[in-house]
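Please read the structure below before turning to the comments.
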Number of protein chains: 2
Amino acid sequence: MNDLLKEYQERMFNISAYELAVTTVNLDSQTIAPPKGSDYRNDRLAYLAGELYSLQTDERLFVLIKELIDRDDTNQDIKKILYWQLKNLENMRCIPKDFYVEYSKLQMESQQNWETAKRNNDYGLFAPYLEKIIVMTKKILEYRQGELKGYDILLDDYEPGMNTEKYDKFFDLIREKLVPLIQKINHSPQIDDSFIYKNYPIYKQKIMMNKILEYIDFDFAAGVLLESEHPFTESISKYDNRITTHYYENNLISSMYSVIHEAGHANYNYSVRDDIAQTFCFNNMSSGMHESQSRLFENYLGRNYHFWDNLFPTLKELFPEQLAQTDQDKFIRAVNKVTPSLIRTEADELTYPLHILIRYEIEKGLFDGSIETKDLENIWNAKYKQYLGLTVPNAAEGILQDVHWSDGSFGYFPTYALGSSYAAQFMQAMSKDLDIDKCLAENEFSLLKKWLREHIHQYGGLYSPQQQIEIACGEKYNPQYYIDYLINKYSALYNL
Amino acid sequence: MNDLLKEYQERMFNISAYELAVTTVNLDSQTIAPPKGSDYRNDRLAYLAGELYSLQTDERLFVLIKELIDRDDTNQDIKKILYWQLKNLENMRCIPKDFYVEYSKLQMESQQNWETAKRNNDYGLFAPYLEKIIVMTKKILEYRQGELKGYDILLDDYEPGMNTEKYDKFFDLIREKLVPLIQKINHSPQIDDSFIYKNYPIYKQKIMMNKILEYIDFDFAAGVLLESEHPFTESISKYDNRITTHYYENNLISSMYSVIHEAGHANYNYSVRDDIAQTFCFNNMSSGMHESQSRLFENYLGRNYHFWDNLFPTLKELFPEQLAQTDQDKFIRAVNKVTPSLIRTEADELTYPLHILIRYEIEKGLFDGSIETKDLENIWNAKYKQYLGLTVPNAAEGILQDVHWSDGSFGYFPTYALGSSYAAQFMQAMSKDLDIDKCLAENEFSLLKKWLREHIHQYGGLYSPQQQIEIACGEKYNPQYYIDYLINKYSALYNL
């Protein structure tokens, strides 16, 4: 190993120590830490984030990376890793440190404030923080000098290669193909899913989560399931993946599907090749790529009939009274039921992209100046009426439902829908090599994970989403797989 | 505020940020983190500990502290804080940084190894780590150049002012006064406590913990109860106190008393005066002082009949079958039953100091060279035979039962017995101002906490243990209160 590489790796180790600190304190804060300790914690966390920022934006690190990229004897995979890291660090470096620390602190405050506002069902409590977050985000976009401008910068951050023009086309397709289908379904006989909303004691739900995680071969020595207000995944290292969920006593499937979803995220990081796992490319997959894996688990596998061949008997055993009138067939129809609904994370697969479309339109408006935060609640409610025909009864089930804007993750939402469409294409490719239904029915989930690892996960974030899709599927990204999948599946389910 | 003080406080803020990082990662590691992630985490935690060490031992900090101590316009309380901090930092500074980082890493590895060894019931797995820990601790004692030598240095670290000479006298008193009493009790009719070892489902035990914490007025917005292999308390800040316990399905009282014990620790930090809470003296109370508060909660209050006036009905409601034959009187007799036993943390109040005596004798031997780690299991077992008349059946219930040696906390154990004796004196003083039984019976636990806050807790670690006892009790430390308390209480219980 040459001296430059050694020096680079030493610096990366130091950076990773600060990342561990910041991530763990953040994770603790979102899952366990008592609320009155937050001021003390946030002040210090912001300082640590500043220290991390200083290490990441140190001139010497840029020199090292650039020289290593230029050297002939640098391994090609390492060059790719360095390329992605340089792009990331350059975006970071143009932001002044004081501004960066202030922004980190605002993110934490804003997120905690969002929690309070949601609990109190009062958008007014959150609006001033959101306003500050947007103002600071716009300032960051000004600092970022490059070819891209405004909202396109954020879109490209989360999904390299994407921009408003491409997303507009994608969402046009969704509007054109899916809205008519949803309307047809709305006028069809409805599926009875009332059993979902009976009382399901949480301690029993917890037992079920363990059964589900066992079935999907989750490595409990390298991961853990926690609780938080909003489910998320945090991969501290390849063998340390934290997933969270939120339990609701009157909903059988909400926490189950959020666990399957987050386990899909965790499994991506868990399966990154060893030599990539301790590099920048352990965790720089695009958001769309990451969402493709979580939604592949949640929808394409978790809502498949055969996923439940092994699990449904356990579910019935845990809840014999609640599920007395429910067989596996009725259960599967219910978890696939299409109903325009208020909450994105609980939306069915077919109306889900409309929730994203709404957020995408709002974000575009916030950044081109056509929407102001003070009007946001009304605009939100109007769009839910327009696209989903629903009246939003309160802020908690409307504008305050998602955590994302509270920490400034603008441009992230569109990747959810995009990821779902990637997943359709991955499923298509996987089905050429494997009998997916058979794997599920015969308790061979690990065969599916093996395919995903070999074709996708092992590379971490080494490739752009476009490249990664070509590697896994042997062809370019094509959203038609997604549209076809949804139309075929739901036409069949509703006998259309 | 003068510039020096400002500069000092800025540095202290930075130090506290690193302390937050190290503490949170450690806490996470002991409660939640999955085991396979430990190598990654430990390497980085050791690095962070090194960064913290560099800040703490920076020459400029010493200059600032010394100058502030010398200045006339420095507030007297701040001078005291600076005095204690200087003592602590000087002890740290004489250890070379590389050695310090290596030692931090060894502590973590050794602790994890102890867990494995305990789980596998095999002292041989742990012995090499213990040996390394002792060798490095002895090296640290060589680095420490001062009046004190060897084990006395460690004793003074945990309890300023204490040394082998004083502890020898203390333990002589225990040997002389308590051993005959224990023997008399062993020959008396035994109390029936068999109900304790029935099956108590853990989810119900958890409900009971919340009731106990509510009764003792635990602030759930400023603290949280977690699970870990070995119960402990970590106070991240005044309003962020983490306590842990370990549940056993076949033991009703083990987790309850560990929770009451840890809540006593947490309450100490929670009650430190605001102007002291963000200084070095938030958490530098001597170990004996801290243990005095945990054992005051656990034994002096928690085993009092009236503590259970409000709680026993709840306990019976949760476990109606298991406690069908048990009334409050029988329950109290059982939780105060004296039986020579193997496990320190589960020992009764009277035989408890003998467990400590054994550990004290062993530690003295390890540091004067008369005991080697390879012989430790046999020596341990021989002493349990000698003092408690017991045959140790396996390492997990013998030499491997405690976490303390695994992370090098030698000199800590003796403070447990000392703390119990401080607590007797505090109880004596408190009983002059308050009717303690009445406070317990009338659900006025907060009055007891108020007394403790005003006489002890508010000061944090501002005073030496000796000074603190005089402030709270109006007289010097006197172990006779402890001996008298134990003799009176247990002579009455056993009709001697």
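The figures that follow rest on heavy atoms only: side chains count, while hydrogens, waters and symmetry mates do not. Proteins come first, then strands; the chains are lettered A, B, ... in the order of their sequence lines, and each starts at number 1.
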- Is it true that atom NZ of B:Lys450 has more than 12 heavy atoms of other residues, nucleotides or ligands lying nearer than 6.0 Å? no

- Crowded around B:Asp98 CG? As in, over 12 foreign heavy atoms under 6.0 Å? no

- Query: Who in residues 266-278 of chain A is close to chain B, using a strict under-4.5 Å heavy-atom cut-off?
  - Reply: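 Counting heavy atoms that sit under 4.5 Å from chain B, the residues of residues 266-278 of chain A involved are A:Tyr270, A:Gln278.
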
- Task: Answer yes or no: is there an ion pair linking B:Lys36 with A:Asp240, defined by an N-O contact shorter than 4.0 Å?
- Result: no

- Item | Between A:Tyr215 and A:Phe445, ring centroids under 6.0 Å |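 Yes, the ring of A:Tyr215 comes within the 6.0 Å limit of the ring of A:Phe445, centre to centre.
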
- Query: With ring centroids as reference points, do A:Tyr200 and A:Phe319 lie under 6.0 angstrom apart?
  - Reply: yes

As an exercise: rank [options] by heavy-atom pairs under 4.5 Å with chain A and give me the winner.
options: B:Val22, B:Leu48, B:Leu27; value: B:Leu48
options: B:Ala221, B:Ala222, B:Gly37, B:Gly223; value: B:Ala221
options: B:Ile32, B:Asp39, B:Ile236; value: B:Ile32
options: B:Ala21, B:Pro35, B:Ser38; value: B:Pro35

Just by distance, with hydrogens left out, do [X] and [Y] show a side-chain donor and acceptor under 3.5 Å apart?
X: B:Gln85; Y: B:Tyr8; result: yes
X: B:Ser255; Y: B:Thr245; result: no
X: A:Thr24; Y: B:Thr24; result: no

- Item | Which of A:Leu45, A:Thr31, A:Asp219 touches chain B most, by non-hydrogen pairs under 4.5 Å |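 Among A:Leu45, A:Thr31, A:Asp219, the one with the most close pairs to chain B is A:Asp219.
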
- With under 30° as parallel and over 60° as perpendicular, where do the rings of B:His261 and B:His265 fit, or are they tilted in between?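 Ring orientation, 0 to 90° scale: perpendicular.
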
- Message: Under 4.5 Å from any heavy atom of chain B, what part of A:Arg242 do you find: side chain, backbone, both or neither?
- Response: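 Just its side chain gets close to chain B.
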
